[in-house]
Amino acid sequence: MRIACPHCGPRDVQEFSYLGDAKPQRPDGMDATEAAMADYVHQRDNPAGSHRELWYHGAGCHAWLVVTRDTRTHAIAAVETMAQARAGAPA
Amino acid sequence: MSASTQPFRRDDGGLIDRNRPLSFRFDDRAYQGFDGDTLASALLANGIRLVGRSFKYHRPRGILSAGAEEPNALVELRSGARREPNTRATVTELFEGLEALSQNRWPSLAFDLLSVNSLLGPALQAGFYYKTFMWPASFWEKLYEPLIRRAAGLGRAAGLEDPDHYEKAFAFCDVLVIGGGPAGIAAALAAGRSGARVILCDEDGRFGGRLLAERREIDGQPAAVWLSAALAELASLPDVTIMPRSTVFGVYDHGVYGVVERVSDHLAVPPPHQPRQRSWRITARRAVLAAGAIERPIVFAGNDTPGVMLAGAVRSYLNRFGVLPGREAVVFTAGDDGWTTARDLAAAGVRVAAVVDPRSGIDPALTGLAGRIGARIITGAVAAAAGGRALRAVTVREASGREESIACDLLAVSNGWNPTLHLTSHQNTRPVWDEAIHAFVPGTMPVGLSVAGSAAGRFSLAEALADGARLGREAAADIGFDSAAEPATPITDPEGVALSPVWRVKGGKGKAFVDFQNDVTDADIELAAREGFKPVEHLKRYTTLGMATDQGKTSNIAGLAIMAEQTGQTIPQTGTTIFRPPYTPVAIGALAGHHRGRDFRPTRMSPTHSWSQRQGAVFIEAGAWMRAQYYPRPGETDWLTSVNREVLAVRNGVGLCDVSTLGKIDIQGADAADFLERVYCNGFKALQVGKARYGLMLREDGFVMDDGTTSRLGETHFLMTTTTANAGKVMQHLEFCHQVLWPRLDVRMVSVSEHWAQAAIAGPKARAVLQGVVDAEHDISNEAFPYLAARAVTVGGGIPARLFRISFSGELAYELAVPAGYGEAMMDAVMAAGSAHGITPYGTEALGVMRIEKGHVAGNELSGQTTARDLGLGKMMSSKKDYLGRLMARREALVEAERPCLIGFRPVDPAQRLRAGAHFIGIGKPATMQHDEGYMTSVAYSPVLGHWIGLGLLKNGPQRIGERIRAVDPVREGDVEIEICSPVFVDPEGTRLHG
Amino acid sequence: MPGPLDRNRIPMRYSIFSLAAQTLKGHRGWKPAWRDAAPKPAYDVLVIGGGGHGLATAYYLASQHGITNVAVIEKGYIGSGNVGRNTTIIRSNYLLPGNTPFYELSLKLWEGLEQDINYNAMVSQRGVLNLFHSDAQRDAFARRGNAMRLAGVDADLLDREQVRAMVPFLNYADGRFPIQGGLLQKRGGSVRHDAVAWGYARAADRRGVDIIQNCEVTGLSIDNGRITGVETTRGPIRAGKVALAVAGNSSRLAAMAGMRLPIESHVLQAFVSEGLKPLIDTVVTYGAGHFYISQSDKGGLVFGGDIDGYNSYAQRGNLPVIEDVMESAMALWPGLGRVRMLRHWGGIMDMSMDGSPIIDHTPVEGLYLNAGWCYGGFKATPASGFCFAHLIARDAPHEVATAYRLDRFATGYVIDEKGAGAQPNLH
């Protein structure tokens, strides 16, 4: 598997670490509820199909990237920096 | 050297070098072959037909094929530590001194006692073992299974350390061409001419594929003329790389191909500095699969008799190797292709007794050929082959049902070809059935891969050449390489590809094999159908069809056909199995490369490593690091003596310890303090510049992640330390926190773990020593540089350094850091300054003893299963701010009062030893899970106290000081009465720290 | 209450006698191992998933609880998932009280399985040896071994020389991470994996359970918070209770009920070598890399390593993990260099947030969940079926499976053997 890092170009998957689904957003701040946090930490959609997920280019630029990848075929549709991902994220 | 010692060698012809005879041994007898031979061709040249015994019935087996699909001719190649079991003689290039043994036989190949299994055959049908051996229950492991294990298996592994070396390599190209036959060569030429970077791989040592085995013409000349011109042109193209002996074994995601190059397997031993094999990871933007096709046998009684051979293989032996696979032949063919074998046999002087073809209406050109070579044409089928260890005769059944026996020592079988499409299904896509050619062809393709020629089911040479040229050009054009005017496709001589396959001929006497290597017969498949194992995966798994080392290359299709016949379905309705990687088996050593022994993983060494070596340190693996464990002195015979001395030296004087392996992360930015406030559970905003603070980091799920001291070097500049083990993990975590969670914070971080050498100077005399190291302008008196001070200083007359007054040992202690290149000089300088004070180097063991004496937590307590409160650090969790893990740490289970908490232990009898991993059980209580109250996390012998001490996690621990309990250790037969005590064993008031 | 044995369905018991009798008849009398049933309109219990766990659940519903109006529905052929894709190891060498008794029950059920279901699954207690390479690892293994002993499970802590005596061919000379000892569970071992699915299927079928292949669930019918049946590619089927045992695809099925799970699907690869004469008689796990190995009765070395580490439903992995496994193989056992890897493949694992499974009710009444087996599902097969059947039949958890609650992530009662936290690919 190869991931096209927006900073470094296409690189072998061995250079990256995987974290998981990019969708859950941390409920920040003192007002956050325990239930919302438990959901953020544990519950996942885990789809068979397109999946936006977090990868860390640890052996490269140290960027966290959002990779859109099909979990059935491993085909990668997009690799974005966090800034790109935020800019393009639906409101 | 004449061929006279090789009775089945042709006088001339073939691609062997008769001037280069090679000696080899098979089953301890000496033979000769020629350079260019495979072991199989050399054995056949010497008249050796019986090569091995089969898996279950120990039937005599010969040579079926001339390629990687060989199911029968498996040998143990080489000897001693280089012994390679299950090696296919058909793809083993002959070399001088080759040694091979037949396998799966005892005592000898000709007389194999376990061939008695053949008599038991009727009982040993597919899956028989699922139905018996159940009573009495204990007999399975004791009796039945050992017998089965000994009988099963094929060859014997060397069992010794592999003396050869392996390498890994990486390559990138525009177009990878897999297979060096006519289609592949045409593809590589077309792509190469466009300027694309091309890699052309073939598993063979010689390029040409089937052209090497056939008597064909291209553009009116022998194919060899075209071949040598094409290869010469490929060699002249600067961006074309040709890789012989290189098998593309797997297709992985995004254009990554696994390739194993057999660098030295055609030699007796690898040349100096050369590996035996090299495994490649080739990344290709496009690839063309031109892997050819594999011929199919026919299932009939005795079809495994040595002397029954695939018709295409017969041509390989005749034409490429100059070998006569027999002298009296019958050809049994279901298509035009087998007639070519009859022609070539006759041309080589082999008497062709008959061509048996069940088809009517055969091309008169073929039937005319029979007349010319004097062969009978029989419209019918071969129903049985007889001969045991060597074919003697075949029973031919005409369409009328009339049977006759025809004497022969060779039966060439031709039933059409299966495209070698294995790589196309490596991404779990299934081949599809093509009724026109009676074969599976590639289905959905992996991205970037196309298939040319026979591998796509386009079997003629003309199609191979045209396909290859077109797909090679298209692959290159697809990624921006435009070729010049395309040259005309070469013209080939005519060939017939008509076929009407015969999957099996029923009614012969004896076993009819579908999967030769795993001894799966047609009756086994019928039984599987009868018992409901009809889905193809059930069929495979129940009968073991296709599960042998050849992965069913010659057997799967016939198995499917027989199952289809049983169920009244078509072959495609019955299904096909997915071919799994690797295409052919790959040596484990090749895929491991040089990662073995000491080089399994990189070794990290502290910048002061050689200083420690000079001090006589004993080193220990600590993750990737080698760390100084202790520094034995002459006369010290056990580690405890040395460690005790080191501990006492620190407690009573001063010691020096390398702590460079700690993770160090430089964190800067206007929001750096805010950032730390969020990643640590305790407060960091109020930390003064020039001060250090112990920080505790939780995971988001509320459990402790890591700890360390973080110093504020400037208003917006912090230096974090992490544990050695978690350095990388914490760095990644901080980047996550910043980039993903809080991108608006103005903060940057970089790992500086390897930039600094760091040493702890600890003990009552530490300051006195340091005053001799730190440049005089820096006041490090207790008042000017109190506990937890952290500042930049200089040493050695202006060398930048950082000094931290922090302590793991509980003594007056400092950590001094200098740029890594100065590490050794720093250690020497500290030693020199400390010599008057009796300074003593100490290692990780003494460090561990002293931290346990002080009740500090370390790796054994930071297990990922403990909360801050469990570790006695609950008060550090701020209630005034949000931080990672805050909410999850409040979950019911994490705040439960009964949770085991950190506490200290000492043996009631001071002479008794404590052991980490022991569990706590109340006195008088049974040692059962229900009474388990926690466990001992860390132990040490305290030379200060003169007895063993321990830290552990105990239910309600802190409330039970003074109580007695047992440390139960069944796996080491330990059961020690212990007293619960404070986890701080030495200097509980902390006065020494501030001294 | 044991379920009735319907002798009319499959009269033939497997034994040396029936084998001999059939041999004389050319094996023409063998009947299908199980009926290829068509779905009935309704069942008391519908088990979704014809893998080891689903089939075992159906068997124990019938044999332990007398509930025989049961169907197992499978989208492909039975045993097509992880029961036929694993490395066949059984053991109960677990650390935490939420796990140990459960896996010990499983091992006890394995020990009597073949006589119970009249099918030789080749349960072979050849021992499972986990090596350690550092003092800290030894301490952790001592803690675990002691926990096992306290739970009544066999465990032995071996030193380096004892390990050497057992498996002398490993690298004791120049290993990057020297072998210091090992934790041995003698009662651990291996089982012929496919036979487990087939054996349970046959035994369940004998007790009246319908095994329905090629029947994919396309929807769950839920009425007022209660399950009423399922929609399938072979039509709707009504059921009083529906039990999900579809590890690998649990999230996809749960989504049909509007549920999200604390699970990610990951690919785990496995490997087999060419058939060899006996080399290794036990299961060995390397402690300094991700690698474990044993040898099957057919002679193939069966081995594996870490998960690839990314969400995947593809049932196949990539080269980095393959090479990592081979490197560990060579580091541990340098004599494997010339042994050839014959096949590699992948299975989809339900990787849970704490590395432990879920056997529980769901918020939908009548819908039960058996999921999150990570890569420990095969060894759990009998106990998983046994406890799941207990839960379904009695609506209360079996005593050894009380910790496998779905809400434990909210309450914090996680069962995290590795202490890796809520990140599935680290378990």
Side-chain angles (χ1 to χ4, degrees), chain B residues 84 86 122-123 125 130-134 141 145 148-149 152-154 156-157 159-162 252-253 258 428 527 530-532 535 538 541 549 580 585-589 591-592 595-598 600-601 621 699 701 859 863-865 891-894 916-917 919 927-929 932 935 970-971, chain C residues 14 16 19 23 27 30 32-33 77 97 114-115 119-120 124 136 139 142-143 145-146 149-151 155 157 174 176-177 194-195 274-279 297-299 315-316 318-319 323 326-327 329-331 334-345 411-413 416 419-422:
Chain B
E84 294 154 30
N86 308 331
Q125 270 220 306
Y130 300 126
K131 295 170 181 153
T132 184
F133 301 139
M134 283 174 278
E141 278 106 335
E145 189 181 41
I148 288 177
R149 284 172 84 86
L154 287 166
R156 301 163 303 152
L160 298 169
E161 176 160 5
D162 190 342
Y252 301 93
D253 283 313
N428 287 359
L527 176 65
R530 202 172 300 137
E531 295 194 280
H538 281 168
R541 291 157 183 269
T549 69
R580 287 174 173 151
V586 179
I588 289 172
L591 289 167
H595 292 265
R596 54 196 273 201
R598 286 258 174 250
F600 166 53
R601 290 288 176 258
E621 297 80 10
R699 295 190 307 232
D701 71 352
S863 61
Q865 297 161 326
R891 284 182 291 171
E892 179 186 333
L894 277 72
H919 285 239
T928 63
M929 198 178 79
D932 191 355
Y935 75 102
V971 293
Chain C
Y14 287 165
I16 187 76
L19 185 65
T23 299
H27 298 278
W30 292 114
Y77 57 92
E114 292 149 325
Q115 292 70 33
Y119 204 88
N120 185 1
S124 176
D139 295 347
R143 175 191 174 198
N146 284 331
R149 293 277 281 264
L150 297 185
L157 196 69
D174 68 344
R176 171 70 182 82
F177 301 101
D194 291 321
E274 296 180 341
L276 300 164
K277 290 294 176 199
L279 273 179
D297 285 344
K298 266 184 68 191
Q315 291 192 320
R316 60 186 174 79
N318 275 290
L319 275 174
E323 293 185 8
M326 304 302 155
E327 289 165 10
M330 284 299 282
L336 291 179
R338 303 175 101 85
V339 171
R340 298 187 199 94
M341 184 257 287
L342 172 62
R343 269 196 307 277
H344 71 79
W345 64 93
T411 60
Y413 289 102
D416 186 352

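No experiment lies behind these values; they were computed from the predicted model shown. Just so we're on the same page: letters track the sequence lines, and every chain starts at 1.
E274(C) and N86(B) are linked by a side-chain donor-acceptor pair at a separation below 3.5 angstrom, with hydrogens and angles left out of the test.
The choice from E114(C), M330(C), H344(C), R149(C) that makes the most heavy-atom pairs within less than 4.5 Å of chain B is H344(C). Counting heavy-atom pairs closer than 4.5 Å to chain C, the top-ranked of the candidates D701(B), V586(B), L527(B) is V586(B). Your options are P585(B), G589(B), G258(B), and the one with the most heavy-atom pairs under 4.5 Å with chain C is P585(B). By number of non-hydrogen pairs under 4.5 angstrom with chain B, the leading residue of A420(C), A331(C), G421(C), G337(C) is G337(C). Looking only at heavy-atom pairs under 4.5 Å with chain C, the residue among E621(B), R596(B), R541(B) that has the most is R541(B). When R338(C), R343(C), E327(C) are compared by the number of non-hydrogen pairs under 4.5 Å with chain B, R338(C) comes out ahead. When the candidates A422(C), P97(C), A142(C) are compared by the number of heavy-atom contacts under 4.5 Å with chain B, A142(C) comes out ahead. Chain C forms the most heavy-atom pairs under 4.5 Å with one residue out of E161(B), R156(B), E84(B), M134(B), and that residue is M134(B). With chain B as the partner, the residue from L342(C), L157(C), T23(C) showing the most heavy-atom pairs under 4.5 Å is L342(C). Taking chain C as the reference chain and counting heavy-atom pairs below 4.5 Å, the highest number among R598(B), H919(B), R149(B) is found for R149(B). Note: P278(C) leads G299(C), P278(C), G145(C) in heavy-atom pairs under 4.5 Å with chain B. Taking R891(B), Q125(B), E892(B) one by one and counting their heavy-atom pairs under 4.5 Å with chain C, the maximum is reached by R891(B).
Rounded to the nearest 0.5 angstrom, R530(B) CZ and W30(C) CH2 are separated by 11.0 Å. For the atom pair CD1 of I588(B) and CG of L336(C), the computed distance is 5.0 Å after rounding to the nearest 0.5 Å.
Looking at every heavy atom in both residues, A157(B) comes nearest to V339(C) through CB-CG2, 3.9 Å. Counting all heavy atoms, side chain and backbone alike, M929(B) lies closest to A151(C) at SD-CB, 3.8 Å. When all heavy atoms of N146(C) and G917(B) are compared, the closest pair comes out as ND2-O, 2.8 Å.
Ring orientation note: the planes of H538(B) and Y77(C) are nearly perpendicular, at an angle over 60° on the 30°/60° scale.
Both the backbone and the side chain of R601(B) have a heavy atom closer than 4.5 Å to some heavy atom of chain C. Within the 4.5 angstrom heavy-atom criterion, only side-chain atoms of L279(C), from C-beta onward, approach chain B. For P535(B), the part sitting under 4.5 Å from any heavy atom of chain C is the side chain, from C-beta outward, and nothing else. For D416(C), the parts lying near chain B are the backbone and the side chain together; criterion is any non-hydrogen pair under 4.5 Å. With a threshold of 4.5 angstrom between heavy atoms, L319(C) approaches chain B through its backbone and through its side chain.
Y935(B) meets the side chain to side chain donor-acceptor pair (under 3.5 Å) test with R143(C); sequence neighbours excluded.
Contact check for R316(C) versus Y252(B): no side-chain heavy atoms found under the 4.5 Å cut-off. Contact check for Y14(C) versus Y130(B): no side-chain heavy atoms found under the 4.5 Å cut-off. Annotation: side chain of K298(C) is not in contact with side chain of I148(B) (no heavy-atom distance under 4.5 Å).
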